[in-house]
Amino acid sequence: MIVTGKGGVGKTTVAAAVAQAAVAARRRVLLVEVATPGPLASVLDVPPLAGEPRHVREGLSAVALEESSALEDLVHQMMPLRLLSRRLLSSDTFRIIAAAVPGIIETALLARVIGWLEERDRRGRPLWDLVVLDSPASGHSVPLLATPRTLSGLATVGPLGAIVRKTSCWLSDPARTRALVVAIPEDWAIAEAVELRESLRDGLALPVARPVLNAVFPKRFSRTDETLLEEAEASGSIDPQLLEAGRYFIRRRAVAMEHGRTLRAATRERPLELPFVFSGSMTWEDLAPLAEALDPLLETA
Ligand SMILES: Nc1ncnc2c1ncn2[C@@H]1O[C@H](COP(=O)(O)OP(=O)(O)OP(=O)(O)O)[C@@H](O)[C@H]1O
Ligand SMILES: [Mg+2]
């Protein structure tokens with residue numbers, strides 16, 4: 001499950017909530033942070049994530065996907081002779097060249113994720129039922145996910161060709177992969193989510209899940225409440241600050257509903273609505289209502 005969307009829309013939060021929903025459904029989950037160790041650890045309430053999967057809580061492990069260890073892995077896969085691959089990796093020239101070859105870092109990152117997906121326990125069962133990728137903001141995740149397609153015409157033979165083909169197969173297989181595009185109720189986020197979903201599905205042949213509308217203000221006032229509020233305003237029998245707070249809540253809810261309709265009309269799919277969480281800092285416990293709202297996603301994943 002690849003969680004993506006514009007910067008700041010809640011990708012990390014949603015990735016953690018997907019993991020929580022899957023753990024509750026008794027799946028063994030690996031949560032992957034693409035980047036140097038970042039905010040995922042604070043949501044999980046654990047020390048910064050490392051380059052190797054670490055057990056975090058019952059059913060859940062987490063890992064930071066690092067460029068250097070991914071590149072090492074890729075070289076080892078391409079050069080089975082450890083002595084040669086180690087020598088190559090220790091050379092500064094190689095690192096400079098590798099960083100300059102378009103797509104090589106991206107291939108290395110994706111190959112490492114697929115390596116985790118293919119890991120087996122002693123009884124031959126997959127180690128993880130679900131790998132959730134907290135991928136970078138759309139501007140960076142599209143080039144990352146496009147790499148197997150871009151390279152498939154160039155790297156056709158040899159070990160690199162095989163790795164690129166395998167990555168392509170994983171990414172385009174609806175039985176194994178889903179891209180989850182997250183938006184919030186803001187014009188720019190909705191427009192970006194619609195565009196991103198189209199470019200992932202139509203441009204990259206990536207299977208996409210229902211869109212996610214995050215941080216939706218809950219319905220707190222009924223129609224009757226709204227009328228009472230208006231009457232109280234007319235008669236001046238309400239504290240102006242309370243009136244403003246009530247109006248703000250109603251407005252935010254109405255705007256979110258409107259954005260939900262726009263997203264639905266543009267994608268022809270009913271968005272999964274995740275509630276706004278009123279909490280100073282998002283904790284694992286705070287994610288529960290989000291995980292619950294994401295549950296339908298797991299039935300089809
Ligand atoms: N449903 C929600 N309710 C309230 N706050 C939320 C919700 N989802 C996310 N947030 C908050 O919004 C902020 C951004 O969320 P998050 O870090 O998950 O976004 P992101 O898309 O991963 O950002 P980046 O692009 O920087 O990686 C955080 O402070 C997070 O706690
Ligand atoms: Mg993030």
Side-chain angles (χ1 to χ4, degrees), residues 1-22 29-46 48-49 56 60 62-67 109 113 131-145 178-197 200 208-220 245 248-249 251-253 255-257 259-260 263 271-297:
M1 185 87 72
I2 302 164
V3 182
T4 183
K6 194 86 177 151
V9 294
K11 296 177 295 299
T12 301
T13 309
V14 171
V18 169
Q20 186 175 109
V29 183
L30 177 64
L31 193 45
V32 183
E33 178 163 58
V34 184
T36 42
L40 195 51
S42 87
V43 180
L44 300 173
D45 197 20
V46 294
L49 303 177
V56 170
L60 178 65
V63 64
L65 185 56
E66 294 163 345
E67 286 185 5
L109 292 173
V113 175
V131 172
V132 184
L133 205 63
D134 171 19
S135 77
S138 36
H140 294 285
S141 64
V142 171
L144 171 71
L145 299 168
R178 282 281 193 299
L180 192 66
V181 175
V182 182
I184 48 172
E186 302 270 355
D187 289 342
W188 56 268
I190 301 290
E192 172 75 19
V194 171
E195 204 177 298
L196 176 61
R197 218 165 160 274
L200 294 178
V208 289
R210 277 167 67 183
V212 167
L213 186 60
N214 182 33
V216 173
F217 261 46
K219 183 169 176 59
R220 191 154 286 174
Y248 176 74
F249 219 100
R251 181 89 199 112
R252 287 286 297 261
R253 170 79 186 168
V255 165
M257 291 298 98
H259 281 117
L263 193 55
L272 284 160
E273 282 171 16
L274 310 189
F276 192 98
V277 176
F278 298 90
S279 161
S281 59
M282 194 72 75
T283 64
W284 182 253
E285 284 69 33
D286 290 330
L287 294 176
L290 278 70
E292 197 180 318
L294 285 162
D295 216 31
L297 208 67

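Order of appearance sets the numbers: ligands from 1, and atoms from 1 within every ligand. Because the structure is a prediction, the values reported are computed rather than measured. Note that the numbering runs from 1 along the sequence shown for the chain.
Counting only distance, with no hydrogens or angles, the side chain of His259 and the backbone of Val255 share a donor-acceptor pair below 3.5 Å. A donor-acceptor pair is defined here as one N or O able to donate and one able to accept, closer than 3.5 Å; no such pair exists between the side chain of Lys6 and the backbone of Trp188. For Ser135 (side chain) and Val3 (main-chain N/O), a donor-acceptor pair under 3.5 Å exists by modelled atom type. When atom types are taken as modelled, the side chain of Asp45 and the backbone of Trp284 share no donor-acceptor pair closer than 3.5 angstrom.
Shown in contact with Gly7 at under 4.0 Å from a heavy atom are these atoms of ligand 1, numbered in order with element: 25 (O).
Atom 25 (O) of ligand 1 has Lys11 NZ, 2.7 Å as its closest protein atom, hydrogens excluded (heavy atom only). The protein atom (non-hydrogen) at minimum distance from atom 9 (C) of ligand 1 is Thr13 OG1, 3.4 Å. In this structure, the protein non-hydrogen atom closest to atom 26 (O) of ligand 1 is Gly8 N, 4.1 Å. Looking from atom 6 (C) of ligand 1 to the surrounding protein, the closest heavy atom is Met282 CE, 3.4 Å. Scanning the protein for heavy atoms near atom 8 (N) of ligand 1, the closest one is Asn214 ND2, 3.0 Å. When only non-hydrogen protein atoms are considered, atom 17 (O) of ligand 1 lies nearest to Thr12 CB, 4.1 Å.
A cation-pi arrangement is absent between Arg253 and Phe217, since the terminal nitrogen or guanidinium carbon is not both under 6.0 Å from the aromatic centre and inside a 45° cone about the axis. For the pair Arg220 and Phe278, the cation-pi test (distance below 6.0 Å, angle within 45°) is passed.
Shown here, atom 4 (C) of ligand 1 is in close reach of the protein: a heavy atom of it lies under 4.0 Å off. Counting only heavy atoms, the protein never gets under 4.0 Å from atom 28 (C) of ligand 1. Remark: atom 13 (C) of ligand 1 lies closer than 4.0 Å to no protein heavy atom.
For the pair Phe276 and ligand 1, the shortest N or O to N or O distance does not fall below 3.5 Å. When only interatomic distances are considered, the shortest N/O to N/O separation between Gly10 and ligand 1 falls below 3.5 Å.
Summarising the geometry of Gln20 relative to Ala288, their closest heavy-atom pair is OE1-CA, 3.2 Å, with the distance given to 0.1 Å. In terms of heavy-atom proximity, Val132 sits nearest to Ala15 at CG1-O, 3.7 Å. Across every non-hydrogen atom of Ala62 and Leu44, the tightest pair is CB-CD1, 3.9 Å.
Distances from the Mg ion (ligand 2) show that Thr12 has an N/O/S atom below 2.8 Å.
Contacts between Ser279 and ligand 1, counted as non-hydrogen atom pairs separated by less than 4.0 Å, are absent for every part of the residue.
Heavy-atom distances between Pro275 and ligand 1 reach below 4.0 Å in at least one pair. Heavy atoms of Val9 approach ligand 1 to within less than 4.0 angstrom.
In the candidate list Ile184, Thr283, Val277, Val277 is nearest to atom 2 (C) of ligand 1, counting heavy atoms.
Between Val216 and Leu274 the shortest side-chain heavy-atom distance does not fall below 4.5 Å.
Around atom CD of Glu292, no more than 12 heavy atoms belonging to other residues, nucleotides or ligands sit under 6.0 Å away.
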